[in-house]
Amino acid sequence: MQVIISHVNTDFDALASLIAASRLYPDAAVVIPNEQTAPVRQFLAIYRDSFDLIEDTHVDWTEVTDMILVDVASISRLGNHTGKLDEGQMTITVYDHHTPGENNVKSDHEVIEPVGATVTLLIEEIIKRGLPVSPLEATLFGLGIYTDTGAFTFPNTTSRDFIAASFLLEQDMNLEVIQRFSDYKLNPDQQHLLTQLFSEAKTIDQDGLTLIVSAHQIDGFLIELATITDKLLELSGADAVLTVVKMEKHVHIVGRGNSNRIDLRPLLEAFGGGGHPRAGSATVRKSELDDVVAQVDEHLDLILKKAVIARDIMSHPVEIVAPDTRVEDVESLIEQRGYSGCPVMEDGRLIGIITLRDIDKANRHDLGHAPVKAFMREDPVTIKPETTMEEIEELIITHNIGRLPVMEDGQPVGIVTRTDIIQVLHS
């Protein structure tokens with residue numbers, strides 16, 4: 001028996017990959033795990049009869065001889081019904097876009113590549129073979145790409161995802177359906193949990209980033225903690241959010257990030273989970289909430305990448321001018337050195353900064369002979385060599401300024417400009 005299967009808590013990329021793989025393996029049974037995300041359940045409530053799916057509880061796993069895993073590479077994430085599988089007696093094929101982990105199954109054939117969505121890999125093979133795709137399939141495949149790339153905004157998004165989406169548009173992908181099912185609304189119980197997590201959130205400012213850890217315990221089981229965590233990240237404006245919720249006997253951890261310096265995987269893997277750098281989860285079975293929260297706090301350093309600081313990106317050395325220096329002399333200096341501005345010092349104290357824009361203003365009034373103190377910007381905002389990239393961005397945005405002198409022991413040792421920030425953001 002040949003089966004195609006994905007992970008429990010099936011999301012749109014997993015469901016789309018199941019159906020796409022069925023195009024490549026038409027003789028295989030498509031197995032849908034019993035646990036799905038709420039948006040997927042809503043989608044299947046309408047469209048289930050359009051797909052030939054078998055629930056995992058209806059499969060005789062002792063008869064499986066060939067297994068195609070999609071959007072997952074670990075047998076342990078397939079659910080409890082797969083306990084009778086004998087990996088040594090099966091042919092295993094894997095299609096996945098997650099970073100390979102220690103628990104990955106030993107496969108006979110695998111396509112594991114860093115694209116935004118697993119279904120992209122399968123679409124590429126469908127295109128290569130010239131296989132037909134219906135408008136409904138194209139729409140489902142589009143949901144897989146759209147949701148797993150954050151509408152093409154997540155850093156794991158690649159040009160291959162855009163090319164795949166372009167192909168789907170040519171197959172009459174329905175964008176209205178994609179928008180409807182990708183925007184999930186919380187029910188009252190989920191909204192109540194979100195409110196509790198928001199009110200009980202613990203904010204941690206660390207290395208220029210804002211992290212939030214929020215824990216709560218509820219009676220029974222509530223689905224869509226991932227979506228609730230997404231909305232908590234949006235509400236809080238934090239760089240990363242970790243929700244730790246005990247439901248029944250188990251503690252569930254969900255992480256979401258909003259910065260290139262966040263990588264949640266090391267922390268979640270410490271609890272036997274995984275995911276993407278900015279999104280992942282783990283379940284700690286038969287544990288106490290306080291114990292897990294304490295362990296999460298101990299592992300917070302694991303999710304932070306090294307900060308880019310002013311010392312790393314500043315221009316140096318710095319040309320310093322006196323307040324009585326003529327504007328035309330400063331202009332000549334700036335042109336020779338390729339600067340966009342210079343600090344103005346008097347009696348060993350920074351009193352201002354003169355920029356090309358200030359010089360242009362003086363020249364428009366034929367005042368190139370005037371001293372720079374007449375046109376300089378007084379009391380400039382300054383930073384330290386250890387100021388992080390995130391803090392620098394905030395200062396530039398808040399004060400609408402284009403350059404920040406870097407001060408150490410009362411002396412300017414460099415300048416960080418908008419250009420420096422742009423180069424880092426796009427490098």
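Other residues, nucleotides and ligands contribute over 12 non-hydrogen atoms within 6.0 Å of the NZ atom of Lys305. Within 6.0 Å of the NE2 atom in His192, the count of heavy atoms belonging to other residues, nucleotides or ligands does not exceed 12. The environment of CD in Glu234 is sparse: at most 12 heavy-atom neighbours from other residues, nucleotides or ligands sit within 6.0 Å. Heavy-atom neighbours of Glu386 CD from other residues, nucleotides or ligands within 6.0 Å: above the threshold of 12. Heavy-atom contacts from other residues, nucleotides or ligands closer than 6.0 Å to CG of Asp205 number more than 12. Counting non-hydrogen atoms of neighbouring residues, nucleotides and ligands closer than 6.0 angstrom, the CD atom of Glu200 exceeds 12 such neighbours.
Remark: the backbone N or O of Arg256 is not paired with any side-chain donor or acceptor of Arg278 at under 3.5 angstrom. Remark: side-chain polar atoms of Asn174 are paired, donor with acceptor, to backbone N or O of Val177 under 3.5 angstrom. With hydrogens and angles disregarded, no donor-acceptor distance shorter than 3.5 Å links the side chain of His7 to the backbone of Arg77. Proximity of a side-chain donor or acceptor of His250 to a complementary backbone N or O of Lys286 within less than 3.5 Å is detected. Using modelled atom types, one side-chain atom of His299 and one backbone atom of Gln295 make a donor-acceptor pair closer than 3.5 Å. A donor-acceptor contact shorter than 3.5 Å links the side chain of Ser6 to the backbone of Val70. Of the possible polar contacts, none joining the Asp13 side chain to the Ile145 backbone as a donor-acceptor pair under 3.5 Å is found. At distances below 3.5 Å, not a single donor-acceptor pair connects side-chain atoms of Thr398 with backbone N or O atoms of Leu395.
Checked against a 6.0 Å centroid threshold, the rings of His252 and Phe271 do not count as neighbours. Between Tyr146 and Phe12, the gap from one ring centroid to the other reaches at least 6.0 Å.
Salt bridge Glu113/Arg160: present, at least one basic N to carboxylate O contact under 4.0 Å. Note on Glu125 versus Arg129: salt bridge recorded, some NZ/NE/NH1/NH2 to OD/OE distance being below 4.0 Å.
Between the side chains of Asp301 and Gln206, at least one donor-acceptor pair of N or O atoms lies under 3.5 Å.
Here the CG-CZ distance, from Leu367 to Arg326, works out to 13.0 Å after rounding to the nearest 0.5 Å.
For the side chain to side chain contact (heavy atoms under 4.5 Å, CB included) criterion with Ile212, the lone passing option out of Val241, Thr243, Leu197 is Val241.
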